[in-house]
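Order of the sequence lines sets the chain letters (A, B, ...), proteins ahead of strands, with each chain counted from 1. Excluded from the calculations below are hydrogen atoms, water molecules and symmetry mates; all remaining heavy atoms, backbone and side chain alike, are included.
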Protein chains: 2
Amino acid sequence: MPSRDHLLLNLAVDLVILTVREDKLHVLVVERGHEPYTGQLALPGGFLRQGEDLKAAAERELEEETGLKSVRHFHLEQLATYGEPERDPRGRVVSVAYLAIAPNLPVPTAGSDARAAHWAPVAEVSGALAFDHGRILSDGLERARSRLEYTTLAAVFCGSSFTIGDLRKVYEAVWGTTLDPRNFSRKVTGTKDFILPTGDSRAPDTGRPAALYRRGPAQTLYPPILRNGSSGS
Amino acid sequence: MPSRDHLLLNLAVDLVILTVREDKLHVLVVERGHEPYTGQLALPGGFLRQGEDLKAAAERELEEETGLKSVRHFHLEQLATYGEPERDPRGRVVSVAYLAIAPNLPVPTAGSDARAAHWAPVAEVSGALAFDHGRILSDGLERARSRLEYTTLAAVFCGSSFTIGDLRKVYEAVWGTTLDPRNFSRKVTGTKDFILPTGDSRAPDTGRPAALYRRGPAQTLYPPILRNGSSGS
DNA sequence: ACAAAAGTGTTCAATTTACACCCATGG
DNA sequence: CCATGGGTGTAAATTGAACACTTTTGT
């Protein structure tokens, strides 16, 4: 047995769940109901259960917190593991953080055990989170920003069908920049299997209707779409 | 206490330690002396101790396995965490893997408790490792390959002073490609603070002496040096 | 007709690739 | 003087940024 003279500890799984609402990047946070950090905001999470895989635990928490069944279509990837001895005042807790990307979904009020879970603009909670969750959020944001450069992840932020303008607004919200709509359009339509036309189109309040697309099978972007690229129009 | 009705488990730290020897990429492996997987090769690692930080545990294992003190100059970064319930037949063990990059150092025979630790060409051990260490190695290799594109990590594979040809051979060994020496030379000398001339030079067996360089302060490469780039001469 | 958003064409600059050519040394 | 690896020059091809301009709708 490996446990004879070695440390036994609790393993938590914490989630950075991101979405774009009203053209701004939001993260799902919960208000803490117990000590420590009572009343403060924190990332949703929970403890690993007997016989449970790490990713399965993350999926379970994701479902519980968002109150949604469609979680299988979200993006979920391991972010990093945080194990500073003093990170939790209750005792030794090592936390495996996951990054989840969700489309713009209904506010998770009615959901299951969602203890005051709600979407908050990342700009408002940065620096106000319990434990070391500020650091975890920061790492999650950097990972998401990087993923948008090299993978087709941005389309996961959109629903089942979206316009190129919707997709561009995701890039702008996550990166905090503006992009040239004309060059952006060419870049994404020029990358094979990134987005596929549905045939339909959608009219905005005013202006020419935009073609609708859905996710294609591509996972990586070649060539990548880099930040520090062309500033906006 | 968070541990009341939750799973307690052992946390291991495993290491993917890479170096380049004789123009080939090598990984440090140990021959297992106990069950399970007795006699098989595995990645070096050990269990987390009371009050010990994850990265500190990785540094401790790195020193123990290589038998070297100069470990502080190595590169050490967290890779990923592996927690499948059945990954260790002895019981529930979650492992945090770290990636270490070492210069070409003396064989770690004499070192401390090094239980048959030795360098093995990655091509020879891939698929022959105990536990899920094949997967961990594979993830570590991909991370290292990617790091060479966007960071100055390659210089860590070299010693305190090296020629541009040495540095190029690192890229070729890690990526398994050949690169044009002339364009490569310009790329690295054109990236500010990547490498700094020492003023000395070193003569090869035959041919013009090459200028010697040392690591510069830069951490990231802009522009990056991409794989799938120009094939060799 | 006009405002607004979608999308195309085109130009100029920066970067990358390929390779001819020169440099410095040991045998 | 020749083989070998180090290093520079340079032209062609590719890519990327910038932006004028056309398209298509609602009011």
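Between B:Arg168 and D:dG6 there is a side-chain N or O to OP1 or OP2 distance below 4.0 Å. OP1 or OP2 of D:dA17 lies within a sub-4.0 Å distance of a side-chain N or O belonging to A:Lys187.
To the nearest 0.5 Å, atoms CG (A:Asn104) and CH2 (A:Trp119) are separated by 8.5 Å.
Atom pair B:Asp180:CG and D:dG9:C1' shows a separation of 13 Å (rounding to whole Å applied). Nucleotide D:dG5 holds its C1' atom 18 Å from the CZ atom of B:Phe162, rounded to whole Å. Nucleotide C:dG7 holds its P atom 12 Å from the CZ atom of A:Phe184, rounded to whole Å. Atom CG in A:Leu179 sits about 16 Å away from atom C1' in C:dG7, given to the nearest Å. One can place CG of A:Asn183 at 16 Å from P of C:dC12, the figure rounded to the nearest angstrom. Put simply, CG on B:Leu221 is 15 Å from P on C:dT15, counting in whole angstrom units. Taking atom CD1 of residue A:Ile225 and atom C1' of nucleotide D:dA17, one finds them 15 Å apart after rounding to whole Å. Rounded to whole Å, the distance from CG on B:Asp166 to P on D:dG7 is 10 Å.
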Pairwise N/O distances under 3.5 Å, protein to nucleotides 23-27 of chain C:
unit_1 : atom_1 : unit_2   : atom_2 : d
C:dC23 : O4'    : B:Arg208 : NH1    : 3.4
C:dC23 : O2     : B:Arg208 : NH1    : 3.2
C:dA24 : N3     : B:Arg208 : N      : 3.4

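Between the side chain of B:Thr66 and the main chain of B:Leu62, a donor-acceptor pair closer than 3.5 Å is present.
Listed nucleotides C:dA20, C:dG9, D:dG9 differ in distance to B:Arg182; the shortest reach to its side chain belongs to C:dA20. Comparing C:dT8, D:dG16, C:dA18 by their closest approach to the side chain of A:Pro223 singles out D:dG16.
Between A:Ala210 and B:Pro224, it is A:Ala210 whose nearest contact on DNA chain C lies nearer the 5' terminus.
In this pair, A:Tyr171 and A:Phe184 present their aromatic rings perpendicular. The plane angle is above 60°, beyond the 30 to 60° band.
Ion pair A:Asp53/A:Lys55 not flagged as a salt bridge, since none of the NZ, NE, NH1 or NH2 atoms sits closer than 4.0 Å to an Asp/Glu carboxylate oxygen. Salt-bridge annotation for A:Glu172 and A:Arg168: present, with a side-chain N of the basic residue lying under 4.0 Å from a carboxylate O of the acidic one. Between A:Asp139 and A:Arg143, no side-chain nitrogen of the basic residue sits less than 4.0 Å from a carboxylate oxygen of the acidic one, so the salt-bridge criterion is not met. By the 4.0 Å N-to-carboxylate-O rule, B:Glu77 lies close enough to B:Arg147 to be salt-bridged with it.
Residue B:Arg186 places a side-chain atom within donor-acceptor reach of the base of D:dG9, judged by atom type and a 3.5 Å distance cut-off alone.
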